[in-house]
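By convention in this document, chain letters (A, B, ...) are assigned in the order of the sequence lines, proteins followed by strands, and residues within each chain are numbered from 1.
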Amino acid sequence: MNHWLFKSEPEEFSIDDLKRVRKEPWTGVRNYQARNFMRDQMRVGDLGFFYHSNCPVPGIVGILRIATPASADRLQFVPDSDYFDPTSDPANPRWACVDVAFERKLARTITLDELKARDDLGDFALTRRGNRLSILPVTTAQWSTILNLE
DNA sequence: GCCAACGTTGGC
DNA sequence: GCCAACGTTGGC
């Protein structure tokens, strides 16, 4: 099984939002590397951390599960959407997304500060300098180390 | 193919 | 709100 980390701004879509709707297409990814993770590497049943970014206390707040294989992100064809891409061809859509399902909230937020302070996570994509990816891979070792902090 | 300009991300 | 870092765009 592969593990992932999904960033979301809680003012846009929080772990509580996912808990309420149970399942949600992860639309709006407009970065090729992040898209490729969803399209090429994610498998139904993979687990991911739900990370709150751009907020007072950035950190990991919950766990989600990949619920569907990637399919076309419908928002790329919605002219009124912030994520509209007029250059995407409906016959060959550029952007894809998986559906994610709520798994559980963590008992507490594992903060970015805490993660940065650790020296046992190895090369962790989240704390790499200048990292801006909204979806990133987490190794099995990192996954269990982080979960043990809960 | 280079690279400057620009837009976005996201911590602070 | 600032700004460092980085991806993308487009002129050449």
Side-chain angles (χ1 to χ4, degrees), chain A residues 2-21 23-42 46-66 70-139 141-143 145-150:
Chain A
N2 290 319
H3 296 95
W4 307 96
L5 182 143
F6 288 70
K7 292 183 189 173
S8 184
E9 303 189 13
E11 287 193 14
E12 297 298 320
F13 188 74
S14 71
I15 187 68
D16 290 320
D17 292 326
L18 182 59
K19 182 178 183 181
R20 189 175 60 252
V21 299
K23 193 174 97 154
E24 182 76 3
W26 201 264
T27 52
V29 169
R30 296 293 178 269
N31 168 283
Y32 289 106
Q33 208 179 336
R35 178 206 66 181
N36 292 348
F37 286 138
M38 287 197 284
R39 193 188 61 183
D40 306 333
Q41 295 189 36
M42 286 186 191
D46 282 358
L47 296 178
F49 287 129
F50 196 115
Y51 176 89
H52 280 173
S53 67
N54 227 339
C55 58
V57 184
I60 295 169
V61 294
I63 295 175
L64 54 71
R65 178 169 30 83
I66 307 306
S71 60
D73 178 339
R74 65 174 200 90
L75 294 183
Q76 69 196 302
F77 304 122
V78 177
D80 287 344
S81 167
D82 285 346
Y83 301 110
F84 179 54
D85 182 350
T87 67
S88 182
D89 174 6
N92 184 22
R94 174 171 303 155
W95 304 111
C97 63
V98 297
D99 286 11
V100 302
F102 177 78
E103 190 75 17
R104 66 180 182 89
K105 284 181 77 167
L106 296 192
R108 67 180 190 89
T109 299
I110 298 173
T111 66
L112 176 62
D113 276 351
E114 213 175 326
L115 294 168
K116 284 200 293 198
R118 298 199 70 83
D119 58 6
D120 58 355
L121 290 173
D123 183 22
F124 188 28
L126 181 70
T127 50
R128 242 176 250 159
R129 180 180 140 88
N131 151 64
R132 288 172 49 199
L133 268 182
S134 61
I135 295 176
L136 41 96
V138 175
T139 67
Q142 288 160 350
W143 181 267
T145 300
I146 292 168
L147 268 189
N148 281 333
L149 302 176
E150 185 179 6

Would you say Lys7(A) places a side-chain N or O within less than 4.0 Å of OP1 or OP2 belonging to dG10(B)?
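Yes, because at least one side-chain N or O of Lys7(A) sits under 4.0 Å from OP1 or OP2 of dG10(B).
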Using whole Å, report how far CZ of Arg30(A) lies from C1' of dC6(B).
20 Å
Flag the pair Asp73(A) / Trp26(A) as yes when at least one side-chain heavy-atom distance between them is below 4.5 Å, and no otherwise.
no
To the nearest angstrom, how far is Arg129(A) atom CZ from dC3(C) atom P?
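Spelled out: CZ on Arg129(A) to P on dC3(C) is 17 Å.
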Can a side chain N or O of Tyr51(A) be found less than 4.0 Å away from OP1 or OP2 on dT9(B)?
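For Tyr51(A), the contact criterion (side-chain N or O under 4.0 Å from OP1 or OP2 of dT9(B)) is not met.
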Ring centroid separation for Phe50(A) and Trp4(A), is it under 6.0 angstrom?
no
Tell me which residues in residues 111-123 of chain A put a heavy atom below 4.0 Å from DNA chain B, sorted by number, or none.
Leu112(A), Asp113(A), Lys116(A)
Would you say Asn2(A)'s side chain and Met42(A)'s backbone share a donor-acceptor pair under 3.5 angstrom?
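Here the side-chain-to-backbone pair does not exist.
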Check the distance between dT9(B)'s P and Gln33(A)'s CD and give it to me in whole angstrom.
15 Å
Give the rounded distance in Å between these two atoms: CG of Leu133(A) and C1' of dT8(B).
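Computing the Leu133(A):CG to dT8(B):C1' distance gives 13 Å.
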Which nucleotide, dG11(B), dA5(C), dG7(C), lies nearest any side-chain atom of Pro58(A)?
dG11(B)
Asp85(A) and salt bridge (charged side-chain N to carboxylate O under 4.0 Å, His left out): which single residue from Arg35(A), Arg94(A), Arg30(A) fits?
Arg94(A)
Tell me if the CZ atom of Arg74(A) is crowded by more than 12 foreign heavy atoms within 6.0 Å.
no
